[in-house]
Number of protein chains: 2
Amino acid sequence: MNPDSQNTPRYHQQHQKAINAAASVFAEKGYHGASTQDIASHMGIRQGSLYYYFTSKEAALEEVCLTALRDYVDQMEQISTQTQPLKEKLTAAIGAHLASYRANNEALKVHNEQRLYLSEEKREKLKALGSRYRQQLEDIFIEGVHSGVLNKTLDCHFATLSLIGLCNYWGTMLTRDPKLALNKITEKCIDFVLNGCLEQTN
Amino acid sequence: MNPDSQNTPRYHQQHQKAINAAASVFAEKGYHGASTQDIASHMGIRQGSLYYYFTSKEAALEEVCLTALRDYVDQMEQISTQTQPLKEKLTAAIGAHLASYRANNEALKVHNEQRLYLSEEKREKLKALGSRYRQQLEDIFIEGVHSGVLNKTLDCHFATLSLIGLCNYWGTMLTRDPKLALNKITEKCIDFVLNGCLEQTN
DNA sequence: CACTAATTCTATAGGGTTATAGAATTTATA
DNA sequence: TATAAATTCTATAACCCTATAGAATTAGTG
């Protein structure tokens with residue numbers, strides 16, 4: 001394969017199709033449960049032809065995870081740099097997180113559930129992107145504490161991770177049950193994170 | 001195999017060992033990523049001999065999930081039927097949940113992450129147990145609302161699922177990072193769930 | 001249209017997998 | 001200790017899987 005044979009429009013288009021097919025198949029069957037045959041069938045080519053677009057099955061998983069994270073981090077970056085009140089920012093962040101699950105973002109599911117099956121080396125690449133995302137979310141919390149909206153004693157790191165855990169949980173639910181209403185879940189998540197469950201005693 | 005050859009003490013002991021080995025291997029490599037060879041090696045027998053204890057690899061996964069849930073539901077049952085104030089009950093429930101992760105309860109992790117690879121038929125069996133657990137946790141929330149400790153407008157079902165999502169997230173973290181302190185995480189989870197992040201305005 | 005480059009295909013090497021049959025061995029019991 | 005029952009082993013059938021080589025086809029260009 002010529003080194004720059006990958007610069008044709010068709011290559012880009014098919015490559016993207018391959019990543020989507022891999023995301024879809026990995027999301028449904030898991031990395032080890034899916035075969036390269038499954039991915040090829042899903043995009044209507046033969047098993048062997050897939051290797052024109054991926055150097056290996058593991059490389060396919062890596063690409064799926066990377067694209068998922070990239071889209072995701074970009075979105076978060078936009079939100080976290082906008083100047084708006086905390087609640088709105090948090091709403092935007094949670095909404096974006098959940099919406100991308102509902103938008104059948106299979107790649108995101110694959111990243112969350114399957115990335116551990118990557119070699120340690122490949123996982124390192126993902127970590128950089130992942131922690132950037134986490135940091136931006138954490139910055140929202142920190143800002144909220146400084147502005148006095150959030151509890152002074154809040155452990156922002158813990159809150160950030162908890163919110164991610166919560167969103168991943170409900171994100172999975174949203175992909176699993178199409179009857180769940182995205183905006184209702186989003187609202188409830190925000191209320192849960194901000195107010196907790198206790199009766200306010202004021 | 002004689003139908004009641006499974007009533008010897010040795011059979012029970014080895015069967016248990018097999019379930020533990022399967023849990024451990026499935027937890028590390030995932031259901032499809034693990035081979036029956038891996039499980040057999042882990043308990044020091046040959047691959048073929050494993051089939052004296054499991055009728056199939058899938059049956060092994062089912063047994064792992066079932067035992068995990070059974071232990072778990074029993075624990076929750078005890079907690080939810082004790083008469084003590086809400087906060088204590090919730091603390092006990094969260095503590096038990098997280099502690100069983102930290103106690104290297106690999107079976108629980110397998111149940112959460114791998115049960116979708118079971119046939120639908122087998123998953124049905126798990127659902128019954130699972131919803132019993134969820135119901136008991138939800139009862140704690142409902143009781144809290146009635147007694148006036150929790151917010152009157154709280155969606156108890158949503159809160160229950162969110163708590164489960166939160167605990168599963170931190171549970172996974174606890175198994176992944178041995179440096180995390182169980183009691184601190186437990187405390188923080190309770191605080192997060194009860195008070196949320198907002199500054200109280202009283 | 002002729003020629004080249006890009007894309008896809010077929011075929012296969014070299015593995016690894018589950019599950020089973022029947023032999024060998026260990027354990028329990030009379 | 002002999003005998004039966006339970007447990008484990010070896011060997012293997014019958015798959016499925018990844019990755020590659022080289023041929024065939026399709027698309028792009030002068």
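No hydrogens, no waters, no symmetry mates; every other heavy atom, side chains included, goes into these values. Below, read A as the first sequence line, B as the second, and so on, with proteins coming before strands; counting in each chain starts at 1. Worth saying up front: this structure is predicted, and the values here are computed from it rather than measured.
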In whole Å, what is the span from the [atom1] atom of [X] to the [atom2] atom of [N]?
X        : N       : atom1 : atom2 : value
Leu50(A) : dC9(C)  : CG    : P     : 11 Å
His32(B) : dG16(C) : NE2   : P     : 20 Å
Lys17(A) : dT7(C)  : NZ    : C1'   : 13 Å
Gln37(B) : dA11(D) : CD    : C1'   : 14 Å
Gln13(B) : dA6(D)  : CD    : P     : 17 Å
Lys57(A) : dC17(D) : NZ    : P     : 9 Å

Taking only Lys NZ, Arg NE, NH1 and NH2, and the carboxylate oxygens of Asp or Glu, determine whether Glu124(A) and Lys127(A) approach each other closer than 4.0 Å.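 Yes.
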
Which nucleotide in the set [options] lies at the smallest distance from any side-chain heavy atom of [X]?
X        : options                   : value
Arg46(B) : dT18(C), dT18(D), dT10(D) : dT10(D)
Tyr52(B) : dC9(D), dC17(D), dA6(D)   : dA6(D)
Gln47(B) : dA19(D), dT18(C), dT7(D)  : dT18(C)
Ser49(A) : dC9(D), dT18(D), dT8(C)   : dT8(C)
Thr8(B)  : dA6(D), dA19(C), dC9(D)   : dA6(D)

Taking only N and O in the side chain of [X], is any of them less than 4.0 Å away from OP1 or OP2 of [N]?
X        : N       : answer
Tyr51(B) : dT20(C) : no
Gln14(B) : dA6(D)  : no
Tyr53(A) : dT7(C)  : no
Arg10(A) : dT8(C)  : yes

On DNA chain D, nearest-nucleotide positions of Ser56(A) versus Ile45(B): which is more 5'?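 Its nucleotide being nearer the 5' end, the pick is Ile45(B).
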
Counting only N and O atoms by type, is there a donor-acceptor contact under 3.5 Å from the side chain of Ser49(A) to the main-chain atoms of Ile45(A)?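 Such a contact is absent between Ser49(A) side chain and Ile45(A) backbone.
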
May I ask you to check whether [Y] and [X] place their ring centres under 6.0 Å from each other?
X         : Y         : answer
Trp170(A) : Phe192(A) : no
His32(B)  : Tyr31(A)  : no
Phe141(A) : His157(A) : no

